[in-house]
Amino acid sequence: MEHKPPLPPFDHVTAQIKVQMAEDAWNSRDPARVALAYTPDSTWRNRSEFLNGRNEIEAFLTRKWEKEREYCLRKELWAFTDNRISVRFEYEWHDADGQWYRSHGNEQWEFAPNGLMQRREASINDLPIQENERLIFPRQAG
């Protein structure tokens with residue numbers, strides 16, 4: 001059986017670790033890598049789209065990052081309990097025409113006992129910005 005530590009039930013430290021792992025994975029913009037953090041039958045609501053399973057998640061993320069160029073994300077732990085974590089996030093990206101956006105949202109995550117996410121609920125709003133208004137940049141290695 002697959003395991004993705006840290007495992008629930010979460011405390012403040014393990015919830016923070018889980019959030020940072022998610023941020024790092026999403027910033028890789030690698031749909032296959034990100035999809036592996038979810039159970040094979042994971043369910044998602046992302047904005048008005050509903051997904052079921054890793055194959056749909058990977059296809060969705062492929063489409064997302066084809067549209068959302070130079071995507072860069074920051075997540076912040078909002079709350080946690082037992083096998084659930086809530087985060088707030090912001091990310092910036094631009095479209096094919098060069099228009100920049102800052103996207104704000106909240107996610108609720110529910111984890112299986114093996115540490116894989118079995119449910120994700122995301123609400124997201126996009127705000128057009130000018131490139132010189134950007135606040136989120138890739139973290140420096142080191």
[atom1]/[X]: more than 12 non-hydrogen atoms of other groups inside 6.0 Å:
X     : atom1 : answer
Arg74 : CZ    : yes
Asn52 : CG    : yes
Trp78 : CH2   : no

Do [X] and [Y] sit in one hydrophobic cluster, given that two such residues count as connected whenever their side-chain heavy atoms are within less than 4.5 Å of each other, even indirectly?
X      : Y      : result
Val34  : Leu51  : yes
Tyr71  : Val87  : yes
Ile124 : Leu127 : no
Leu73  : Tyr101 : yes

Next item on the list: List the steps, then state whether ring-ring contact (aromatic ring centres under 6.0 Å, His included) holds for Trp26 with Tyr91.
Entry: CA-CA 10 Å; Trp26 280 68; Tyr91 62 90; 8.0 Å; no

Enter the distance from [X]:[atom1] to [Y]:[atom2] here, rounded to the nearest 0.5 Å.
X      : Y      : atom1 : atom2 : value
Phe111 : Tyr38  : CZ    : OH    : 8.0 Å
Gln16  : Met21  : CD    : CE    : 13.5 Å
Asn106 : Lys75  : CG    : NZ    : 10.5 Å
Ile85  : Glu110 : CD1   : CD    : 11.5 Å
Asp82  : Asp11  : CG    : CG    : 11.5 Å
Ser42  : Glu56  : OG    : CD    : 10.5 Å

Check: Quick one: does Leu77's side chain get under 4.5 Å of His12's, heavy atoms only?
Finding: yes

Item checked: Side chain to side chain, Asn83 and Trp109, heavy atoms closer than 4.5 Å -> no

Next item on the list: Begin with the C-alpha distance, continue with both residues' side-chain angles, and end with the deciding distance and a verdict on side-chain contact (heavy atoms from CB on, under 4.5 Å) for Arg84 and Gln108.
Entry: CA-CA 7 Å; Arg84 292 182 174 168; Gln108 284 64 246; over 6 Å; no

Next item on the list: Report the C-alpha distance between Phe89 and Glu23 in whole Å, list the side-chain angles of each, state the deciding distance to 0.1 Å, and finish with yes or no for side-chain contact (heavy atoms from CB on, under 4.5 Å).
Entry: CA-CA 9 Å; Phe89 62 86; Glu23 179 183 305; over 6 Å; no

Check: Any Lys/Arg nitrogen of Arg120 or Glu107 sitting under 4.0 Å from an Asp/Glu carboxylate oxygen of the other?
Finding: yes

Checklist line | Asp24 with Arg33: basic N within carboxylate O range, under 4.0 Å | finding: no

Notebook entry, point to check: Is there a side-chain contact (heavy atoms from CB on, under 4.5 Å) between Val19 and Phe10 once you walk through the steps?
Noted result: CA-CA 11 Å; Val19 171; Phe10 299 113; over 6 Å; no

Closest contact, heavy atoms only, [X] versus [Y]:
X      : Y      : value
Ser103 : Trp93  : OG-NE1, 2.9 Å
Glu133 : Glu92  : O-OE2, 4.4 Å
Pro8   : Pro113 : CD-O, 3.9 Å
Pro138 : Cys72  : N-SG, 3.4 Å
Ile129 : Arg102 : CD1-NH2, 3.8 Å

Notebook entry, point to check: Among Lys64, Arg63, Glu58, which residue meets the side chain to side chain contact (heavy atoms under 4.5 Å, CB included) test with Leu61?
Noted result: Lys64

Next item on the list: Indicate whether any N or O donor in one side chain lies under 3.5 Å from an N or O acceptor in the other, for Arg45 and Ser123.
Entry: yes

Note to self: Please evaluate residues Glu76 and Arg88 with respect to the criterion salt bridge (Lys or Arg N to Asp or Glu O under 4.0 Å), reporting the C-alpha separation (whole Å), side-chain torsions for both, the decisive distance (0.1 Å), and the verdict.
What the structure shows: CA-CA 5 Å; Glu76 176 187 352; Arg88 64 166 297 282; 2.9 Å; yes

Margin query: Ile57 vs Trp44, test: side-chain contact (heavy atoms from CB on, under 4.5 Å). Steps then yes/no.
Written below: CA-CA 8 Å; Ile57 291 168; Trp44 276 30; 3.3 Å; yes

Next item on the list: Check step by step if salt bridge (Lys or Arg N to Asp or Glu O under 4.0 Å) holds for Glu2 and Lys4.
Entry: CA-CA 7 Å; Glu2 298 174 86; Lys4 185 88 172 171; over 6 Å; no

